[in-house]
Amino acid sequence: MYEQQIQPLNVIRMLEAAKRFGLAKSSFYDRVSQGLITPPISLGGRAKAYVESEIDTVLKAMISGKTESEIKTLVLDLVQQRQNLA
């Protein structure tokens, strides 16, 4: 019988995410607002974090030479996929 394996979801805080891109906080936030990086998720209250696998996927797209338009489409797809996690 097929058993669905549950992959753990890891989250990272903004400073770690910005560090992975090599960006300052303001530049990181600019890219999020431009749709070039996935937005954070709420952890409750004012706490927010970024889904590590989404950050890694966007980085891989940048490394592979995807255009800004392609990355924006990827980011939209990643955010849409969040709806299917539950």
Side-chain angles (χ1 to χ4, degrees):
M1 179 174 206
Y2 174 76
E3 285 188 33
Q4 182 180 0
Q5 288 210 333
I6 298 174
Q7 296 291 336
L9 289 176
N10 296 320
V11 294
I12 56 177
R13 299 305 291 263
M14 190 283 303
L15 289 177
E16 173 63 25
K19 181 179 174 184
R20 289 187 184 197
F21 284 93
L23 297 172
K25 290 191 313 186
S26 60
S27 297
F28 182 81
Y29 285 131
D30 286 344
R31 291 212 183 170
V32 171
S33 69
Q34 294 167 3
L36 295 169
I37 297 174
T38 54
I41 60 169
S42 175
L43 298 177
R46 294 182 353 179
K48 296 186 183 296
Y50 294 83
V51 179
E52 185 176 35
S53 61
E54 293 175 355
I55 294 297
D56 290 343
T57 299
V58 172
L59 278 170
K60 288 175 187 176
M62 291 172 63
I63 291 167
S64 69
K66 302 290 184 197
T67 65
E68 278 193 8
S69 177
E70 291 171 318
I71 292 172
K72 285 182 181 185
T73 300
L74 172 64
V75 167
L76 287 173
D77 290 343
L78 290 169
V79 172
Q80 188 110 30
Q81 288 174 20
R82 292 177 181 180
Q83 304 302 316
N84 300 325
L85 292 177

For the side chain to side chain contact (heavy atoms under 4.5 Å, CB included) test, which of Lys25, Lys19, Lys48 pairs with Met14? Lys25
Ion pair present between Lys72 and Glu68, side-chain N to carboxylate O less than 4.0 angstrom? no
Any side-chain heavy atom of Glu16 sitting closer than 4.5 Å to one from Tyr50? no
Determine whether more than 12 heavy atoms belonging to other residues, nucleotides or ligands lie under 6.0 Å from atom CZ of Arg31. no
Please table the atom pairs, donor to acceptor, closer than 3.5 Å between any side-chain atom in residues 36-47 and protein atoms at least two apart or in another chain.
| unit_1 | atom_1 | unit_2 | atom_2 | d |
| --- | --- | --- | --- | --- |
| Thr38 | OG1 | Glu54 | OE1 | 3.3 |
| Ser42 | OG | Gly44 | N | 3.2 |

Are Leu9 and Ile12 connected in a single hydrophobic cluster, I mean Ile/Leu/Val/Met/Phe/Trp/Tyr linked by side-chain heavy atoms less than 4.5 Å apart? no
Stepwise side-chain contact (heavy atoms from CB on, under 4.5 Å) test for Val51 and Leu78: CA-CA 10 Å; Val51 179; Leu78 290 169; over 6 Å; no
Is it true that Ile55 and Val11 fall in one hydrophobic cluster, defined by side-chain heavy atoms closer than 4.5 Å? no
Same apolar cluster (I L V M F W Y, side chains within < 4.5 Å links), Tyr29/Val58: yes
Shortest non-hydrogen pair, Met62 vs Ile71, comes out as CG-CD1, 3.5 Å
Heavy-atom nearest pair, Glu70 first then Lys66, reads OE1-CA, 3.3 Å
Residues Phe28 and Ala17: closest non-hydrogen pair is CZ-CB, 3.6 Å
